[in-house]
Amino acid sequence: MVGRRRNSEAWCFRDLFRAFFGSSNRRALELYRNTSIMNQLKSSLVELITETSTNLPPDVREAMSFAIEQETPGTQSAQALGIIATNIDMAQQDEGPICQDTGMPTFLVHTPVGVNQIHVKQAIREAVAEATRHGKLRPNSVDSLTGKNSGDNLGAETPVIHFEQWEEDDIEVKLILKGGGCENKNIQYSLPCELEHLGRADRNLEGVRKCILHAVWQAQGQGCAPGAVGVCIGSDRAHGYDLAKNQLFRTLDDENPVPELAKLEAEIMEEANRIGVGSMGFGGKVSLIGCKVAAANRLPASFFVSVAYDCWAFRRLGVRLDAETGAITRWLYRDPKREVARIARAEGFPLTGREVVLKAPLSEDAVRALRVGDVVLISGEVFTGRDNVHAYLMKNPPPVDMQGSVLYHCGPVMLKQGEEWTVKAAGPTTSSREEPYQATVIEKYGVRAVIGKGGMGAKTSTALKKSGAVYLNAIGGAAQFYARTVDKVLGVHLMEFGIPEAMWHLRVNNFAAIVTMDAHGNSLHAQVERETGEKLRELQHAG
Ligand code: SF4
């Protein structure tokens with residue numbers, strides 16, 4: 001039994017049952033009730049997971065609509081926002097994951113006294129496994145010692161579940177899905193400290209302000225800007241990060257009840273959007289869609305500022321559940337009766353006619369003719385490859401001919417229907433993780449184009465120049481948009497690494513991306529980092 005018995009109807013039903021069947025059937029009745037409540041609870045939680053993965057909450061949609069209005073039309077940031085908006089609409093219409101990285105499922109659960117939390121935990125685990133089977137969550141849980149993907153998002157400490165008791169009658173379950181790209185941009189500061197471009201951050205609110213601005217700047221495009229930050233001032237290292245992430249359960253448009261923190265949040269929103277990181281780090285007017293700050297007591301010797309950075313694919317929802325039945329009584333953050341408004345201003349990717357059409361495999365001449373800022377439309381064969389594939393290629397020959405190839409940093413969501421694989425979500429992953437390997441892979445195997453997000457470093461830039469290759473930035477999180485460019489799954493290699501890490505052989509049509517590192521040593525990422533660093537310096541003494 002999940003809930004305590006609280007209403008007279010429940011008792012009446014039991015008494016009635018006894019009257020008809022006698023007390024020897026009590027255990028059968030209990031079993032029946034438990035099974036039926038567990039089934040209902042699981043089905044409510046599958047619904048919560050599905051909605052969270054596929055449909056952004058209204059406050060995030062509103063913040064993204066505002067971001068689109070603010071951006072200068074025709075810029076790379078505006079183009080990126082156009083694709084993001086189309087992707088958000090596609091995900092909601094087709095109930096597909098907004099981003100292929102469905103993240104670490106993190107549940108915050110409040111239960112009335114008397115509810116069996118072991119049963120609730122079991123229902124959550126079963127719901128996570130079922131949502132994964134349905135392709136609403138990517139199999140994302142990897143054994144940290146063996147590297148083996150569990151395939152169902154279950155494993156040691158996965159999913160993350162935090163329980164609290166409360167005095168209400170319902171069970172409340174809140175869920176956040178936060179992917180690896182933005183998770184890797186979380187950052188913690190121990191004050192006082194020296195910050196690049198901002199100087200010393202002291203143990204006061206001015207020091208905290210500098211830390212948060214620095215956190216937004218250091219994320220650049222790698223965390224799929226525009227993002228939102230949850231911040232905790234104080235506490236200890238471990239709990240500080242927890243409390244920072246908890247701030248992301250607040251709606252983006254609420255007001256902090258602590259006046260000093262409300263003022264700080266407003267200042268950060270204004271200043272961070274002057275730095276100029278822009279969507280996907282392309283440079284632009286909108287870098288941040290939310291800033292939520294909490295303060296917790298600390299030890300006299302410690303002063304931590306913990307920042308949880310979330311991307312634009314800010315997937316957070318919640319439900320209230322009847323503790324007696326497991327059924328959803330109310331949605332949090334959204335009103336399911338209200339129609340979800342489209343975000344995209346236009347259908348698909350706004351073509352200008354200046355796009356460069358590329359047919360893979362690519363020739364060296366075609367690639368050397370590209371310049372930073374060019375928008376390309378790729379058709380033909382593409383191979384996916386991320387962390388495991390790159391590590392493998394350092395020691396082993398590729399399972400396919402990679403001469404002239406396009407290598408896509410992507411861990412897709414795939415479903416097998418009969419003998420055929422279909423792509424359910426396929427946006428780019430953060431490329432900087434492959435920086436130690438990329439130059440070797442390009443030079444050794446003749447790769448001509450690498451697609452990813454967030455850009456790569458100096459070693460890769462040198463290899464692009466030497467070999468005649470380019471780095472193409474796809475729009476992070478636009479998993480539905482890019483899934484629709486896949487005409488056919490031609491095959492899969494290295495499946496022993498699990499679905500996201502395998503090498504998928506895809507045929508794509510008009511896959512849109514922006515050249516952000518060319519074969520002439522130019523890098524938009526290095527340029528934006530330099531320019532935003534200058535802007536950050538200007539903010540050093542403001543506030
Ligand atoms: S939008 Fe970007 S950072 Fe966010 S989960 Fe997707 S890939 Fe990761």
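Nothing fancy with the numbering, it's 1 onward along the sequence. Just so you know, ligand 1 is whichever comes first in the structure, and atom 1 is the first atom listed for that ligand.
At least one side-chain heavy atom of Tyr189 sits less than 4.5 Å from a side-chain heavy atom of Val307.
Looking at atom 5 (S) of ligand 1, its nearest protein heavy atom turns out to be Arg315 NH2, 3.1 Å.
In this structure, Phe383 has its ring center no closer than 6.0 Å to that of Tyr408.
Residue pairs meeting the salt bridge (charged side-chain N to carboxylate O under 4.0 Å, His left out) criterion with at least one member in residues 490-505, sequence neighbours excluded, are Arg386-Glu501. Annotation: side chain to side chain donor-acceptor pair (under 3.5 Å) contacts involving residues 71-84, sequence neighbours excluded, comprise Thr72-Lys285. Residue pairs satisfying the salt bridge (charged side-chain N to carboxylate O under 4.0 Å, His left out) criterion with at least one member in residues 146-162, sequence neighbours excluded, are absent.
The minimum heavy-atom distance linking Tyr482 with Gly427 is given by the pair CD1-CA, 4.3 Å.
Not a single heavy atom of Gln222 sits closer than 4.0 Å to an atom of ligand 1.
Ion pair Lys292/Asp310 not flagged as a salt bridge, since none of the NZ, NE, NH1 or NH2 atoms sits closer than 4.0 Å to an Asp/Glu carboxylate oxygen.
Only protein N, O or S atoms were scored, and 1 of them lie under 2.8 Å from atom 4 (Fe) of ligand 1.
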